[in-house]
Amino acid sequence: MAGVWRWRRNPLRRATDRCEAWLALAAFLMLMLAVPAVGWLCGARTDAALQAAVRAQRADRHLTAAVVVRRVAGARYASDPEISGGSMRRTEVVARWHTPDGAARTARVTTASRNASPGARVRIWTDGQGAPALRPMDLPTAHTHAALAGFGAAMLSALLIECVRRLILRRMTWRRYQRLDRAWAAVGPDWGRTGTGSG
């Protein structure tokens with residue numbers, strides 16, 4: 001932009017140069033103002049939606065005491081995707097517990113308890129009907145997802161602005177070449193002939 005400002009009074013400046021300068025200025029302002037606004041708006045809306053989902057999950061899912069029947073053969077420890085960084089390790093077992101209506105239920109579940117041997121008491125997540133459920137998302141994870149969504153939206157907006165700028169600039173350059181070709185076609189046949197003023 002400093003270079004554009006310096007040659008604004010250059011006598012060799014073409015009309016298209018001024019258009020290109022205005023195009024560059026408009027793209028610069030949009031990158032500085034519109035892109036952060038889009039990123040913030042997308043991140044804020046995503047964060048609000050995820051926080052509502054977190055509240056709904058916490059209202060519907062509950063920790064339930066269960067007794068381990070046996071470990072699942074071949075099961076491996078796995079990180080919990082609903083925890084920030086996946087730092088909590090969980091293992092898969094077959095467990096028995098009672099649903100809210102008093103019925104006994106046995107199913108494969110995952111638990112974060114270090115003692116997952118048969119007969120051990122563990123805590124598992126269940127829904128309102130007593131069926132196994134995933135651990136509800138925590139707030140740090142929701143904030144992280146929202147921040148990533150906002151950053152991604154900002155980057156996509158910046159890419160879109162740059163692509164539009166390049167397409168417009170390419171169109172302007174193509175039209176400039178067309179005008180040069182027409183001017184050359186009008187002057188070219190007389191180029192170098194005696195008496196045509198070519199010297």
**Q.** From Thr110, Asn115, Val68, residue fulfilling side-chain contact (heavy atoms from CB on, under 4.5 Å) relative to Val122
**A.**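 Answer to the side-chain contact (heavy atoms from CB on, under 4.5 Å) test with Val122 among Thr110, Asn115, Val68: Val68.
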If you round to the nearest 0.5 Å, how far is [atom2] of [Y] from [atom1] of [X]?
{"X": "Leu156", "Y": "Phe151", "atom1": "CG", "atom2": "CZ", "answer": "10.0 Å"}
{"X": "Met30", "Y": "Leu160", "atom1": "CE", "atom2": "CG", "answer": "8.0 Å"}
{"X": "Arg71", "Y": "Ser117", "atom1": "CZ", "atom2": "OG", "answer": "7.5 Å"}
{"X": "Asp127", "Y": "Leu134", "atom1": "CG", "atom2": "CG", "answer": "10.5 Å"}

(Q) Thr173: which residues meet the side chain to side chain donor-acceptor pair (under 3.5 Å) condition with it, sequence neighbours left out? (A)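 In terms of side chain to side chain donor-acceptor pair (under 3.5 Å), with neighbours along the sequence ignored, Thr173 is linked to no residue.
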**Q.** Thr64: partners by side chain to side chain donor-acceptor pair (under 3.5 Å), with sequence neighbours left out
**A.**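 Applying side chain to side chain donor-acceptor pair (under 3.5 Å) to Thr64 gives Thr126.
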**Q.** All pairs passing salt bridge (charged side-chain N to carboxylate O under 4.0 Å, His left out) where residues 148-165 contributes a residue, at least two apart
**A.**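 Matches after skipping sequence neighbours: Glu162-Arg165, Glu162-Arg166.
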Please find the pair of heavy atoms, one from [X] and one from [Y], that lie closest to each other, and give the distance.
{"X": "Arg135", "Y": "Trp125", "value": "CG-NE1, 3.5 Å"}
{"X": "Ala65", "Y": "Arg121", "value": "CB-NH2, 3.6 Å"}
{"X": "Gln57", "Y": "Pro136", "value": "OE1-CA, 3.2 Å"}

Looking at side-chain heavy atoms only, is the closest gap between [X] and [Y] below 4.5 Å?
{"X": "Thr91", "Y": "Thr111", "answer": "yes"}
{"X": "Val109", "Y": "Trp97", "answer": "yes"}
{"X": "Val54", "Y": "Asp138", "answer": "no"}
{"X": "Leu169", "Y": "Glu20", "answer": "yes"}
{"X": "Arg105", "Y": "Pro132", "answer": "yes"}

Q: If you link ILVMFWY side chains whenever their heavy atoms are less than 4.5 Å apart, which other residues fall into the same cluster as Leu148? By chain and number, please.
A: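 Reading the cluster by chain and number, Leu148 sits alone, since nothing else belongs.
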(Q) If hydrophobic residues (ILVMFWY) are linked whenever their side-chain heavy atoms come closer than 4.5 Å, directly or via other members, who joins Tyr177 in its cluster? (A)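 ILVMFWY cluster around Tyr177 also holds Leu180.
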Q. Honestly curious: do Met172 and Trp174 fall in one hydrophobic cluster under the side-chain, below-4.5 Å linking rule?
A.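 Unlinked, Met172 and Trp174 end up in two clusters.
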Q: Would you kindly confirm whether Met137 and Leu139 end up in one hydrophobic cluster when ILVMFWY residues are joined by side chain heavy atoms under 4.5 Å apart?
A: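 Met137 and Leu139: one cluster.
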Give every donor-acceptor pair under 3.5 Å between a side-chain atom in residues 38-50 and any protein atom, sequence neighbours left out.
from  : atom 1 : to     : atom 2 : distance (Å)
Thr46 : OG1    : Cys42  : O      : 2.8
Asp47 : OD1    : His143 : ND1    : 2.7
Asp47 : OD2    : Gln51  : NE2    : 2.6

Q. Given the rule in the side chain to side chain contact (heavy atoms under 4.5 Å, CB included) test, do Thr99 and Gln129 qualify, once you have shown the distances and angles that lead to the verdict?
A. CA-CA 7 Å; Thr99 60; Gln129 288 72 42; over 6 Å; no
(Q) Quick one, Val72 with Val94, criterion side chain to side chain contact (heavy atoms under 4.5 Å, CB included). Give me CA distance, side-chain angles, the key distance, then yes/no. (A) CA-CA 6 Å; Val72 176; Val94 174; 4.1 Å; yes
Q) Can any side-chain N or O of Ser157 pair as donor or acceptor with the backbone N or O of Ala153 at less than 3.5 Å? A)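 Looks like yes, one N/O pair under 3.5 Å.
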